[in-house]
Structure formats: C-alpha cells, structure tokens
Amino acid sequence: MTDTLVNRMAELCENCPDKTAVVFKQEKLTYKQLYGKMSGISQILRQNGIRKGDRIAFSAVSKPEMVAIYFGIQMCNAVAVFLDKNATAENMRKIYDESGSKLLLTDKPMKESGNDCNIMSLRALYTKADEADVSSGSFEKPEENDLAELLFTTGTTGVPKGVMLTFKSVYHIFMNTIEGIGIQPDDVLLLPLPLNHSFALRVLRAVLYQGATVVLQNGFTFAREIENNVIAFGCNALACVPASYEVMRSQMQDSFAAVLGNMRLIEFGAGSLSIRQRREITELLPNVEIYNTWGSSESGGAIFCNVSEVVKNEMHIGALGKPLTGKVCVKILDLEGNTIESDAAHPGRMALKGDMQMAGYWNNQSATGETLKDGWLLTGDMAYLQDGYVFMLGRADDIINVGGEKVSPIEVENIAGQYEFIKECACIGAEDEKGVLGQIPVLFVVTKSGYLEENFVKYLSAKMERYKLPQKFIKLLELPRNRMQKIDRRALRSILEEKDSLAFMNPVVEAILKRRSIRKFTDQEIDERLLDMVLKCGYHAPSGHNMQSWRFTVLTKTADILKLKEAAKKAAQEQKIPVYGFENPKVMILISNDTRNVNSCQDASCAAENIMLAAQSYGIGSVWLNPLVTLRDIEPVKSVLDEFQVPKGHTVWASVALGYPVSEGVKLQKKTDVIKYI
C-alpha cells in the first residue's frame, strides 16, 4: 500500500510541529497548524454531507489556504478538482458540472451560476477550520486505486479533459520528483507557479512530503518579487518555467548571479530550456544544480535532465533527459503502434509506463482508449532514444513535412536560438504556396539590435541541411505564450494566417514597442551623423503654438557628463531627493524650456520622446533622467548648468543619456486596462 499526503502530514505534525510548512508574504503555517487546519476543514466538509468519492471543485489560489483545503479534501477521502484561480465564473461552472462536483469552493462572485450550484467561501472555510471540533474526526486510509484528484486540461483541441489521478498515482508522482531532482527536508523552495497546474502541484506535494518549506508567490511578472522572497525567506531552491529565465535575466541583469547563485537547485518544467539557455545558465550559476523536467498532467514529472551534466557533452546537450531508472519506462512506436529501435533518423511516438500514470480521462472512454494501451501511456510527442537519453523532436502535429523530409521545429529553434542577435524564436510549418514541397518551415523571431536577415540566413545555412532552412522569417516583439508561458503555436498559426495584421508593424511602431530604459553603456562612440539625426528628430517634435522655446544642450565630453552627475548626486543628497544612476553614456542631452511658456513641460517631453525613439531605431540605448527639474537652482548643479550655458529662465525638464547598451533593458509589465472606448 502506498503512503498518502494526509498520513505524512500527521507524522510531520508529531515530529516537527513548529517547522514552517507553507509561506505566502506575511502568512505562514507550521506543520502543526497545517494539520490542524486540514483536520478542521475535513470535519466541516463531512458535516456538510461530503462523503468518500464526492468531487469538490476549488480555486487553486497561491496561498496557504489552498494547501490546507486540498489536504482537507483528501482527508475526508473526497476528490480534489482544481480550478484556475483566474478562471471566469462560466468556466468554473463548466468544470463543476463536468466533474459532477458536489461543492464549489471559491471567493469569486458566482451569481450567474444558479441555485443548483452548491457554493462555499474558500476563505470562510479556511477561517472556520480553527473552530471545528476535530476530536470525533478520523482519517480513513483510502485504497490506492481510489480516485484522489481530477486535473482538467484543455490539451490541443481546446476541449476540457479531466485527468484522473488515484492515490497511487499521486504518491508515485511526488516520489518521482523527490528522486528526480533530490528535494531535501531542509530545502526552502520558492514556487511562483499556478497551483492548478501539474508541474506546480507535483513540486508542492514533493516539498511537503519531505517536510521541507514551500514559499508561494502569486505569479511571475516581476523578478524583484523573486529577489525579495529569496532574501526574506532564505530560499535555496526554485521551481519555474523556461520563460521565467528570460524575465529574470532581463530584469535582474547584473544581480542575476548574486540573487540565484547561492541556491542549491533550480528546476525548470512545463517546457525545455533551449541549448543557448542551458549554456548560459550553467555558466552564470556554476554552483547551482540545474534540472529540466519533462512531464504532463497524465504522468507527472517522468523524464529528468541534469542540465549541469549534459552541457558538458555536445552529444547530450539537447536531450530531454532520462527516465527514472526502475520507475519509468520509455519506448518509441511507429505509426502502426509497433515498438521500434529509434535514432535521430528514425524517430517515433513516445510511450511511457509507470505507477505514476493516470487512470484515464473522466467520462471519456474514447480518449482514454486512445491514450492508454496495454498498460502504456501514449504521448503525442515525437522522440528517439540515444545513450539512455530521450531526445524530443516536438509534438507529432508540429513536425514539418518538407517534400517528404521530416523537420523538427525544436531542432530549428535550438540552432537559430544560438545566433547572437536572436532573443527567442519559434518554428512552425506552413503550406507551400508554390505547391511543390507540401510544407515549408516558417521561423518567428524576436530580435536584438544588430539583426540582419541575410547574415542570419548565412548562419543557418552553415548549421543545417537545406530542406530544414526556414523559408519565411517573421519578426515579432514577443512570442505568444499560454498560461504556463509555453509557446502558443496555435497563436503563431493564427498570426501567419492573418497576414494583414502583420502589416501594422513597421519600423516606427517596432521602435516604440521595443524601447527600454538603458542605464549602462559600452565604450562605443556614437557617429556624429547619427547624433545629428537624433537631435533633428528632437526639434521636429510638436510645440504648442509652434513657439519652439526649447534648448537642447548636448554634452559629448565624458568629463562634462561626470561633472554634472557628481553635482546632481551631491545636491540630491543634501535635498534628500532620490537620483537614479547611469554609467558611461557617450552623450547627454539636457532639454530645457522657457518657464514663461505654459506648454514648456509638454513641449520638452515630446522632444525627449522623439529623441529616445530615434535613438532606438539606430540601436542606441537611452534613459530619461529627471532630477534636474527640482535641482536646477540648487548648488552645485546651478553653477554647472550656468557653465554649460543653460538659459537662466529655463527649467531642465528632461535629461536623456545616450549610448550603446551593455545589455538589453528591463521589460516592464504594462497595464492593459487603461484604454476605454466610448
């Protein structure tokens, strides 16, 4: 008989009652408190008529209450049905009805759900758990094949499918994770992922079963929150998705290694790190164990890759990983479902077998029969085996058929992604409009400055066979991604089909949308002709009543820039005004305007924006610095500005630093709810 999470929580409550189990901001639960909460919740659920096998749908909020409610549901042998915390009331109701749930736990308004939907407040249940009389309650250990959880996944068709996990499945899923990445009892793991997703869930279960500590975080928009949590709670482990790596590298910049370099391990799941990312992260974090795990809702984590090891061998660097020895079996099938001896030239469909796999799909016998055959779990992934490693080519539906030759989009992406001027890319197949090849590869690219398509094509031509070469290149500002930050290939196909929408992107719009604030610059000088054109764009900005009362004071000498910087720092310190730093700009432009002009600020702002966008279009970085607005007449700033002949009756509304960037600027999250059509 396999163990259960409930049984393990009882042991930990007894053995380490005061150890922290779950943390979210200022709220935390020790193992004793967690066991008390789940016991109270279980008792309240029983009092409300919940019995063994009843389904309970609940919002998987990233808070301690979710953990307590999840375990409380299992404690009364009911079935946990996870709902996305951001799901609409309509979608919640769909899952509630599809699963035949007896109770819905949420704090979202559900007025349109009708009287036949049994709803209870998630937070209220969690709060009332402290008052419940648990003296008469007891935990009846379930049978290992009893249904424990339902995970609804939309899959590739968009039709919800409920993955049925038994208590046996759940146990082996978290035990595989414990063994696969080596979670230890003294770990403090940061988990910034949605808790209705199988990746986050298996990590959550594994950490708590080991008696370690999990720190919850509500999403992954800002790397600063990662940094704050790592410092505040002493996190030595992190679970995240590959796209999070790019966010952290961009936003943390030079502090990336300092923040994460002392961690024991980082696990990436819900997608594969590219070869470029694998090389970069192991070089930046040489003392951190880096893992990349393949898994699914149907199997949990099943194939584990020790990235720190595979980067040492060019033959293995692109591997998906290895199945756990003695726990997970992998074989490769041909189109007829026969087992084949696979290699790079002869891939096939990957099938898995192990105690962790699902029992089937809820109320969907046809889908279950197509996926579970003779004890094997058939995936939709094309792969091959080599040296004990699994190598993934992509989803079967994504493989590109070029005149009878099979092209792996992942292979194209891995090669293209190593080009120095490509930030990220994605490859899909498209119909050959000439009607010759059937399909052609199309590559969507997010570029860095310096990208030239002809040079990129030469690079690719030297790295891959001719039939694999992309026939079309489409530049995007960012790749479309789903909730778990996986590349959304269906969205890419829609972009390709809606060609007219791409016509709205032009160099001006691209410069606007790609500009970032740059504070550190290289030693490369700015060509005088470029600088003249940038300034020309500045004085061609709109001006109220066409007064053009502005002045552009251009500093090109390093000594002058440093003199102004030091003066501003000294004056700001005395005035207790914050001043943000910048390093090594080649040019600084002081945009001032006559204070008697009522449009003084607006005119200067328009000019500054024109200057920064023009600079962006030439690959020159810029940052808007604003301290001189308040420091204009404060010494020693006043004397320096007088020396630079800034007119006495002028306010310096903007200081723009220019130079070639050391690294890409931080991409900040933009509010999208600020537009209102009337």
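Small disclaimer: the values here were computed from a predicted structure and weren't measured.
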**Request:** May I have the step-by-step check of salt bridge (charged side-chain N to carboxylate O under 4.0 Å, His left out) for K638 and E635, ending in yes or no?
**Result:** CA-CA 5 Å; K638 182 180 183 302; E635 293 292 355; 5.0 Å; no
**Message:** Restricting to side-chain hydrogen bond (donor to acceptor under 3.5 Å, both in side chains), what partner residues turn up for T106, sequence neighbours left out?
**Reply:** S59
**Asked** Looking only at heavy atoms, which two atoms of L443 and A416 are closest? And how far apart?
**Response** CD2-CB, 3.8 Å
**Request:** Please assess L216 against M66 for the test side chain to side chain contact (heavy atoms under 4.5 Å, CB included), listing each intermediate value before the final yes or no.
**Result:** CA-CA 11 Å; L216 301 178; M66 177 273 178; 6.0 Å; no
**Prompt:** Hey, what do you get for CG (L285) to CG (L265), rounding to the nearest 0.5 Å?
**Reply:** 12.0 Å
**Request:** Compare every heavy atom of K448 with every heavy atom of I422, then report the nearest pair and how far apart it is.
**Result:** O-CE, 3.9 Å
**Pair R249-E246, salt bridge (charged side-chain N to carboxylate O under 4.0 Å, His left out): steps then yes or no** = CA-CA 5 Å; R249 284 282 287 125; E246 298 296 344; over 6 Å; no
**Request:** Taking side-chain hydrogen bond (donor to acceptor under 3.5 Å, both in side chains) as the test, write out the residues that go with D432, two or more places apart.
**Result:** none
**Item:** Main-chain N/O of N91 paired to T88 side chain as donor or acceptor, under 3.5 Å
**Value:** yes
**Asked** What are the two closest non-hydrogen atoms of A657 and P585, and how far apart are they?
**Response** CB-CB, 3.9 Å
**Stepwise side chain to side chain contact (heavy atoms under 4.5 Å, CB included) check, K423 with T447** = CA-CA 5 Å; K423 182 179 178 183; T447 63; over 6 Å; no
**Message:** For L590 and L641: C-alpha separation, side-chain torsions, deciding distance, then whether side chain to side chain contact (heavy atoms under 4.5 Å, CB included) applies.
**Reply:** CA-CA 10 Å; L590 310 182; L641 294 181; 3.8 Å; yes
**Asked** Tell me, which pairs form a ring-ring contact (aromatic ring centres under 6.0 Å, His included) where one or both residues lie in residues 511-539, sequence neighbours left out?
**Response** none
**Atom CD of E431: over 12 foreign heavy atoms under 6.0 Å** = no
**Asked** Would you call K472 and E433 a salt bridge, using N to O less than 4.0 angstrom?
**Response** yes
**Request:** Mind running salt bridge (charged side-chain N to carboxylate O under 4.0 Å, His left out) on R481 and E424 for me, showing each step along the way?
**Result:** CA-CA 12 Å; R481 296 182 182 275; E424 58 180 355; 2.5 Å; yes
**Prompt:** Tell me the side chain to side chain donor-acceptor pair (under 3.5 Å) pairs involving residues 261-273, sequence neighbours left out?
**Reply:** D187-R264, R202-E267, E267-T293
**Asked** Do you know which two heavy atoms are closest between A426 and L479, and how far apart they sit?
**Response** CB-CD1, 4.0 Å
**Item:** Pairs satisfying ring-ring contact (aromatic ring centres under 6.0 Å, His included), at least one member in residues 606-648, at least two apart
**Value:** none
**Prompt:** Rounded to the nearest 0.5 Å, what separation is found between the CD atom of Q217 and the CG atom of L191?
**Reply:** 9.5 Å
**Prompt:** Would you say C427 and I400 make side-chain contact, with heavy atoms under 4.5 Å?
**Reply:** yes
**Interatomic spacing from CD in E411 to CE in M464 - rounded to 0.5 Å** = 6.5 Å
**Request:** Output every pair passing ring-ring contact (aromatic ring centres under 6.0 Å, His included) with a member in residues 232-262, not counting sequence neighbours, ordered by first then second residue.
**Result:** Y245-F256
**Positive for side chain to side chain donor-acceptor pair (under 3.5 Å) with S622, one of Q616, R516, R515, R519** = R515
**Prompt:** Under the ring pair (Phe, Tyr, Trp, His ring centres under 6.0 Å) test, which residues partner Y660, sequence neighbours left out?
**Reply:** none
**Asked** What side chain to side chain donor-acceptor pair (under 3.5 Å) pairs are there with at least one residue in residues 647-658, not counting sequence neighbours?
**Response** S592-H650, S600-W653
**Message:** To the nearest 0.5 Å, what is the distance between CD1 on I290 and CG on L238?
**Reply:** 9.0 Å
**Within-4.5 Å side-chain heavy-atom neighbours: I526 and I620** = yes
**Message:** Could you tell me if the side chain of E65 sits less than 4.5 Å from the side chain of F24, heavy atoms only?
**Reply:** no
**Fill in**
Residue pairs meeting side chain to side chain donor-acceptor pair (under 3.5 Å), one or both in residues 520-535, sequence neighbours left out, come to D254-K520, D523-N584, D527-R529
**Close side-chain approach of L531 and T556, heavy atoms under 4.5 Å** = yes
**Complete:** Rounded to the nearest 0.5 angstrom, the CZ-SG distance for F199 and C240 is 7.0 Å
**Asked** Do you know which two heavy atoms are closest between I317 and R278, and how far apart they sit?
**Response** O-NH1, 2.7 Å
**Request:** State whether a side-chain donor-acceptor pair under 3.5 Å links N546 with Q548.
**Result:** yes
**Message:** How close do I226 and P192 get, counting heavy atoms only, and between which atoms?
**Reply:** CD1-CG, 4.0 Å
**Prompt:** Under 3.5 Å, is there a donor-acceptor pair linking the side chains of K586 and T558?
**Reply:** no
**Item:** side chain to side chain donor-acceptor pair (under 3.5 Å) partner of Q418, the single match among E413, R279, R276, Q277
**Value:** R279
**Asked** Does the ring center of F473 lie less than 6.0 Å from the ring center of F456?
**Response** yes
**Request:** Say whether K85 and N218, considering side chains only, have a donor N or O and an acceptor N or O under 3.5 Å apart.
**Result:** yes
**Request:** For the residue pair F582 and I518, establish whether any side-chain heavy-atom pair is separated by less than 4.5 Å.
**Result:** no
**Item:** Student check: side-chain heavy atoms of I634 and Q575 closer than 4.5 Å
**Value:** yes
**Complete:** Distance col, row T553:OG1 vs I591:CD1, nearest 0.5 angstrom, shows 9.5 Å
**Item:** pair L273-F268: side-chain heavy atoms closer than 4.5 Å
**Value:** yes
**Message:** If you define the side chain from C-beta out and look only at heavy atoms, does anything of L476 sit under 4.5 Å from V445?
**Reply:** no
**Request:** In sequence, state the C-alpha distance, the side-chain angles, and the governing distance for V230 and L190, and then conclude on side chain to side chain contact (heavy atoms under 4.5 Å, CB included).
**Result:** CA-CA 7 Å; V230 168; L190 179 58; 4.2 Å; yes
**Complete:** Sorted by chain and residue number, the side chain to side chain contact (heavy atoms under 4.5 Å, CB included) partners of V598 (sequence neighbours excluded) come out as none
**Item:** Sequence neighbours excluded, every pair satisfying salt bridge (charged side-chain N to carboxylate O under 4.0 Å, His left out) that has a member inside residues 595-619
**Value:** D594-R596
**Message:** Give me each pair satisfying salt bridge (charged side-chain N to carboxylate O under 4.0 Å, His left out) with a member in residues 550-565, each pair once, sequence neighbours excluded.
**Reply:** K563-E643
